[in-house]
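Take a look at the structure set out below.
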Amino acid sequence: MPKTADISRPDPQRWKALVFIALAQLMVVLDATIVNIALPTAQQDLGISDGNRQWVITAYALAFGGLLLFGGRISDLWGRRRTFIVGLIGFAVASALGGAANGEAMMLGARALQGVFGALLAPAALSLLAVMFTDAKERAKAFGIYGAIAGGGGAVGLILGGFLTEYLNWRWTFYVNIPFAIVAAVGAYLIIREPAGARNRASLDIPGVVLSTLGLVALVYGFTRAEHSGWSDGLTVGMFVTSVVLLAAFVITEAKVKAPLLPLRVLTERNRGGVYLSLGLAVISMFGLFLFLTFYLQIVQEYSPVKTGFAFMPMIVGMIVGSTQIGTRLMTRVPPRMLMAPGFLVAAVGMLLLTQLEIDSSFVGLIMPAQLLLGLGMGTAFMPAMSLATHGVDPQDAGVASAMVNTSQQVGGAIGTALLNTIAASATTSYISARAAGAADPQLLQLQGMVHGFSSAIWWAVGILVVSAVISFTLINTGRPDMGSASSGGGEGSDDEVRMPVALH
């Protein structure tokens, strides 16, 4: 029988469970960036064409982003512990296939399969935290750790990817997932006990699954295609139109069916809506920055893959400090918006420093302090955002509410990479065209144009972070957690209840 716990009492093994949940989350977040470092080498070994190279990233993004809501609902229906373990095992198998790939088709299939099982794993992990940690102080600590991993794991992936690619083999960027998954799965099987009464056993909303999956896939693919084919490309525009139609039909369907895949109450409560929107926008900035700094350090500054990875350490340190020290310590003392809005503004200041990038910019004088501010701000904002993702929901809806956080991040990442990269490329082209005639050193001009493009796009990222701060300050109005509460669950009831602290729900 599945292990369950009394929902009214905290699970005595919840902190041990957090170790394995955090390990699984780290694996998923690492995978989002670790493959980027290995891609050039893998492309050469497997004979993947330049035109198809992007599909190593896109195949994962489409499957992961498109199936997240379905994965969240499956975890509510099937049980979060069971879904978590199945997701881990499947992710390990898919990673083994990717590492053993002998050609393009096997590689792309393995990446898509990773996305499928990642879509099961990610919402199950977050919703397990939501139903296991119910005391306000403990919840703050648990989500502080989770938020630090969610925010900093991508940068850690760059370090690990650089090390494995340079000193071992690109295949190890896949194989490294296997021990993570095995340890987390065994630990989950032995330790995790899901609270009784936390499942949603309503029948599965098949029309909702089809419409949401196809709509999200069309949206993610539209932004991914725009990056290399342009915003006016016929198929790009067609994907966006298709996405709008499908997602609109999804919303109409969810309002009418008896047991919706995504109950609209999950979205319409202002605090959760504010989290999904502000977090999705902030991730646009983050993903764009990872891309630009990686290219800047490797191409302009001529860093090795390993040195490039370690160059992201200040951001990781900032995120860990912001999440576990600032966010965790203050979350039980101040309303969440007083952490999220200032956090996004501090991150915007760090991003603002990076608009001053030049070819010979000092790492210690410019890049390091910018990363520290960015990490501190994001870490401080991410922690309450992760906790508020399940604000006011019944335990039966925790999986799909958690999936919405991952969906906003995944869609935000796809948008960020495409939008900011397109802006940067356009600014670079304009810069070089205007100066090509009188250029004494064409290679130098190319580098100057590239850096100009990066700084132009980073200005947009600054503006997006400011918008995130405004959204979080205006929409999120819940107070600080009630320190006397130790219960989780419950509905959304009256207007006053919706405004009550996250720990009460």
Side-chain angles (χ1 to χ4, degrees), residues 126-127 129-130 133-144 146-147 150-151 262-283 322-323 326-348 377-395 397-398 400-405 407-409 412 464-505:
L126 185 55
S127 58
L129 282 190
F133 288 89
T134 55
D135 175 76
K137 277 189 175 180
E138 290 191 350
R139 188 182 177 96
K141 290 178 183 177
F143 277 94
Y146 189 90
L262 175 62
L264 296 185
R265 60 181 177 270
V266 172
L267 294 177
T268 54
E269 199 274 310
R270 64 183 294 166
N271 291 283
R272 290 193 300 270
V275 166
Y276 301 146
L277 188 55
S278 62
L279 199 59
L281 287 171
V283 169
S323 187
I326 300 173
T328 300
R329 292 176 186 275
L330 292 181
M331 187 176 170
T332 54
R333 301 179 185 180
V334 300
R337 69 175 180 175
M338 298 309 295
L339 289 174
M340 290 181 65
F344 287 137
L345 289 177
V346 169
M378 285 296 200
T380 301
F382 264 53
M383 195 279 293
M386 291 294 177
S387 182
L388 278 176
T390 50
H391 172 84
V393 297
D394 290 328
D397 290 335
V400 75
S402 301
M404 274 303 302
V405 181
T407 301
S408 67
Q409 288 180 296
I464 291 169
L465 282 171
V466 172
V467 172
S468 291
V470 172
I471 289 171
S472 58
F473 188 78
T474 54
L475 286 186
I476 296 170
N477 67 352
T478 185
R480 70 182 181 86
D482 183 346
M483 302 312 296
S485 173
S487 65
S488 180
E492 292 175 46
S494 68
D495 218 31
D496 288 336
E497 187 182 351
V498 169
R499 295 171 182 269
M500 291 178 76
V502 64
L504 291 179
H505 298 279

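The figures here come from the full heavy-atom set of this structure, side chains too, leaving out hydrogens, waters and symmetry mates. One-based numbering along the sequence shown.
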Distance, nearest 0.5 Å, that separates OG of Ser278 from CD1 of Ile464: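 Output value for this atom pair is 13.0 Å.
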Pairwise distance CZ(Phe382) to OG(Ser323) - rounded to 0.5 angstrom: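 Result: 9.5 Å between the selected atoms.
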Where [X] and [Y] come nearest, the two heavy atoms and their spacing:
X      : Y      : answer
Phe473 : Arg337 : O-NH1, 3.0 Å
Pro336 : Ile476 : CB-CG2, 4.4 Å
Leu339 : Pro384 : CB-CG, 4.0 Å
Leu475 : Arg270 : O-NE, 2.8 Å
Leu279 : Ala385 : CD1-CB, 4.1 Å

Donor-acceptor contact present, side-chain Asn477 to main-chain Asn271, <3.5 Å: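 No: the side chain of Asn477 does not pair with the backbone of Asn271.
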Step-by-step side-chain contact (heavy atoms from CB on, under 4.5 Å) determination, Leu277 to Arg272: CA-CA 9 Å; Leu277 188 55; Arg272 290 193 300 270; over 6 Å; no
Option passing side-chain contact (heavy atoms from CB on, under 4.5 Å) with Met340 (candidates Ser472, Pro335, Ser468):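 Between Met340 and the candidates, side-chain contact (heavy atoms from CB on, under 4.5 Å) is satisfied uniquely by Ser472.
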Candidate pair Val346 and Thr380, rule side-chain contact (heavy atoms from CB on, under 4.5 Å), full reasoning: CA-CA 9 Å; Val346 169; Thr380 301; over 6 Å; no
Stepwise side-chain contact (heavy atoms from CB on, under 4.5 Å) test for Val466 and Phe344: CA-CA 7 Å; Val466 172; Phe344 287 137; over 6 Å; no
Criterion side-chain contact (heavy atoms from CB on, under 4.5 Å) on Leu465 and Leu345, from CA distance to verdict: CA-CA 7 Å; Leu465 282 171; Leu345 289 177; over 6 Å; no
